[in-house]
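Notes to accompany the following structure.
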Amino acid sequence: MPAPKEEFFMEENRYSFENPVFKDTYRHTSSHMLAQAMKRLHPEVKLAIGPAIEHGFYYDFDAPFPITSEILEEVETEMRKISKEKLPLERFTLPRDEAIRFAQEQEEPYKVELITDLPEDAEISFYRQGEFVDLCAGPHLDTTGRVKGNAFKLTSATGAYWRGDSSKKMLQRVYGTSFMKKEELEEYLNKIEEAKKRDHRKIGKELGLFLFQDEGPGFPFFLPKGMIVKNKLLEYWRELHTKAGYSEISTPIMLDQELWHRSGHWDNYKNNMYSTVIDEVDYSLKPMNCPGAMLVYKSQPHSYKELPLRMAELGIVHRHELSGALHGLMRVRCFTQDDAHLFMRTENLKDEIKGIAALINEIYEHFGFKYHMELSTMPEKHIGTVEQWEAATGHLQDALEELGVKYIVNPGDGAFYGPKIDFHLEDSLGRTWQCGTIQLDMQMPERFELEYVGSDGEKHRPVILHRTAFGSIERFIGILTEHFAGAFPTWLAPVQVKILPITDRAAAYADQLKEKLEARGLRVETDHRNEKIGYKIREAQMEKVPYMLVLGDKEVEAGVVAVRSRSGGDLGVMDYEAFEALVAEENEKRLNK
RNA sequence: GCUACUGUAGCUCAGCCGGUAGAGCAGCUGAUUCGUAAUCAGCAGGUCGGGUGUUCGAGUCACCUCAGUAGCUCCA
């Protein structure tokens with residue numbers, strides 16, 4: 001390998017975070033300083049691994065004590081000393097055997113394990129900074145003095161399994177981040193603080209959209225205002241899907257457990273299913289809608305002329321997720337999938353996949369989301385043959401290539417019944433959540449013996465595409481809430497217009513306007529409380545109502561309205577008709593897309 | 001599920017070494033009818049997530065349990 005220093009010295013902008021090699025190197029050296037500081041203060045702590053990551057770095061330790069925030073502060077202080085000491089980083093290599101012996105002498109069992117896994121003839125590289133030595137491929141900065149003492153921070157300490165394996169020991173991971181300037185660190189930390197204000201769990205509470213109760217962890221309750229957002233989204237969804245040639249069905253939430261044996265869900269997911277016994281029959285709540293849709297398809301004979309048959313279902317599913325995995329509306333135990341099953345012949349596949357991708361794309365672009373796509377291939381636990389999987393994956397890949405979109409491959413991450421294309425959206429903190437998905441399934445048709453009659457008069461087996469666009473309505477509302485920071489576009493806003501009479505003299509006028517706006521199908525509230533206008537405006541602003549009508553003697557007399565928008569402030573006086581047209585247009589906006 | 005942390009009025013939070021709970025906002029009552037982000041005054045409201053224990057005495061200590069947060073694992 002090239003000497004690491006040369007590697008990044010050669011680069012353009014070599015001492016800049018614009019240079020990704022330098023950025024990672026800077027963070028990586030930061031992580032070594034973290035380990036060095038930890039070892040100085042607590043020599044009994046064992047070292048695991050410590051890489052640079054997207055927004056900083058971490059180091060995994062095996063410590064016989066909990067790493068508290070006090071300890072983090074002490075370690076941070078020690079790191080500052082190490083920065084001041086300007087210790088040069090020196091690379092040296094050892095043959096594998098000697099490297100193992102060296103790690104054993106250092107009493108670092110995790111390092112021994114790591115080296116043991118390397119090839120026999122490997123030259124193992126280490127980095128030394130002062131008294132501290134760590135197994136490492138590099139590269140690194142030339143001295144610890146480059147990592148500015150006032151531009152890094154240890155942000156948190158959490159658990160993490162050794163080698164990412166839940167059967168192995170849980171270590172303690174210390175996260176940190178570092179920058180070249182103090183201002184950059186502060187800017188980064190501020191950004192995180194700002195992002196936290198957009199958290200849908202916080203906004204959901206403030207705006208009265210939804211809530212959770214101890215009686216049902218992971219089971220969301222929707223409040224009246226949240227229900228408006230949900231219903232409006234579903235209206236939009238139904239319009240789009242009707243236009244795209246889907247028909248809608250609804251299947252039972254709970255079915256005989258025998259069905260889940262037939263579908264293969266029981267073998268793969270029984271631990272995540274809610275079950276009960278009624279009249280000595282075992283029942284399970286559906287964790288997905290497929291089997292129900294299969295039964296619907298099977299209930300009638302089908303002709304090739306009906307295909308592709310697109311059957312949509314807003315299905316409520318229950319999945320017993322691990323308690324630690326729950327996260328607001330993003331990860332729940334009961335949610336509504338905007339599911340659809342498309343039954344077709346193999347030759348329809350490519351066009352249908354493209355059609356679905358276009359539909360999902362239309363929805364995401366409508367909201368201005370950024371997203372990325374992943375192709376997930378055959379997992380270890382799967383049904384069907386390898387040949388079937390290869391063919392299925394090929395169909396998805398072909399469609400993606402024809403669409404000319406970028407995607408990353410996620411090996412082994414497919415559903416147990418087929419490969420899939422996933423659409424991932426970001427939340428306020430940049431964590432991504434799978435929403436849309438397109439899954440190819442050649443298994444359910446077999447298991448349920450689905451058929452259609454071809455032009456040759458013979459029976460044939462259809463293939464199925466499972467797909468969602470929102471993914472989960474709940475999760476999608478979470479993403480939407482964070483995306484808009486609660487300031488939903490007018491067509492989705494729980495309250496679209498808030499009428500604020502300044503005195504009682506404007507009360508009757510206010511009621512009259514409310515009636516007229518409501519007749520136009522708009523959602524309006526009037527604040528008749530005996531409060532000052534500033535107070536009423538403040539509340540309406542905090543509720544993120546798109547439009548406020550401020551009505552005083554002047555407006556009553558002239559028969560006009562003084563309009564204020566949540567984003568643009570005082571818009572001045574306008575005719576009532578003009579205002580009504582303005583809001584009505586925004587309310588209809590999604591229809592014109 | 002795992003590791004760590006958190007859990008006090010509707011909301012946001014204070015409560016030092018253990019001695020029987022405080023504030024602001026919201027709510028209610030009264031006064032005020034006042035033009036674009038919070039009018040004034042008064043009243044009411046928690047036994048401190050739940051349980052057990054230690055103690056003369058626990059919101060404050062210990063253990064158990066529930067829920068939440070961060071991350072890990074998982075995510076049909």
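Numbered from 1 within each chain, the chains take letters A, B, ... in sequence-line order.
- A:Phe343 and A:His341 have tilted rings, their planes meeting at an angle from 30° to 60° on a 0 to 90° scale.
- Take the nearest nucleotide of RNA chain B for A:Arg529 and for A:Gln172: the residue whose nucleotide is more 5' is A:Gln172.
- For B:rC13, the paired base is B:rG22 (Watson-Crick or G-U wobble, both distances below 3.5 Å).
- B:rG53 and B:rC40 are spaced 50 Å apart, taking the P atom of each and rounding to whole Å.
- A distance below 6.0 Å separates the ring centres of A:His466 and A:Tyr417.
- Separating the P atom of B:rC63 from that of B:rU3 is a span of 14 Å, rounded to the nearest Å.
- Under the Watson-Crick and G-U wobble criteria, each requiring two contacts below 3.5 Å, nucleotide B:rC63 is paired to B:rG51.
- Using a 4.0 Å heavy-atom cutoff across all strands shown, A:Lys554 reaches at least one base atom of the nucleic acid.
- With P as the reference atom, B:rU73 and B:rG18 are 41 Å apart, rounded to whole Å.
- Of the candidates A:Arg198, A:Lys191, A:Lys197, A:Lys197 is the only one forming a salt bridge (charged side-chain N to carboxylate O under 4.0 Å, His left out) with A:Glu194.
- Distance CG (A:Asp60) to P (B:rA4): 15 Å, rounded to an integer number of Å.
- Classified by interplanar angle (parallel below 30°, tilted 30° to 60°, perpendicular above 60°), the ring pair A:Trp266/A:His261 is tilted.
- Using Watson-Crick or G-U wobble geometry with both donor-acceptor distances under 3.5 Å, B:rA31 finds its partner in B:rU39.
- Aromatic pair A:Phe369/A:Phe476: ring centres closer than 6.0 Å.
- Partner assigned to B:rG68 is B:rC5, using Watson-Crick or G-U wobble distances below 3.5 angstrom.
- With a 3.5 Å ceiling on both atom-pair distances, B:rG45 lacks any Watson-Crick or G-U wobble partner.
- Remark: the separation of the P atoms in B:rC17 and B:rA62 is 12 Å, to the nearest Å.
- In this structure, A:His382 has its ring center under 6.0 Å from that of A:Trp389.
- When the C1' atom is compared between B:rU39 and B:rG71, the two are found 48 Å apart, to the nearest whole Å.
- Aromatic pair A:Tyr297/A:Phe448: ring centres not closer than 6.0 Å.
- Atom pair A:Tyr58:OH and B:rA4:C1' shows a separation of 17 Å (rounding to whole Å applied).
- Checked against the 6.0 Å centroid criterion, the rings of A:Tyr59 and A:Phe61 qualify as a close aromatic pair.
- Comparing the C1' positions of B:rC75 and B:rG1 gives a spacing of 13 Å, expressed to the nearest Å.
- Rounded to whole Å, the separation between the C1' atoms of B:rG49 and B:rG68 comes to 10 Å.
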Base contacts versus sugar-phosphate-only contacts with protein, heavy atoms under 4.0 Å: please encode nucleotides 66-76 of chain B as B, S and - from 5' to 3'. -SSSBBBBBBB
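- The aromatic ring centres of A:His265 and A:Phe416 sit less than 6.0 Å apart.
- Between A:Asp62 atom CG and B:rA4 atom P the separation is 12 Å, expressed in whole Å.
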Does the protein touch nucleotides 36-43 of chain B at the base, only the backbone, or not at all? Give it as B, S and - per nucleotide, heavy atoms under 4.0 Å. BBBB----
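- Aromatic pair A:His42/A:Phe65: centroids less than 6.0 angstrom apart.
- Straight-line distance between the C1' atoms of B:rC2 and B:rU54: roughly 30 Å, to the nearest whole Å.
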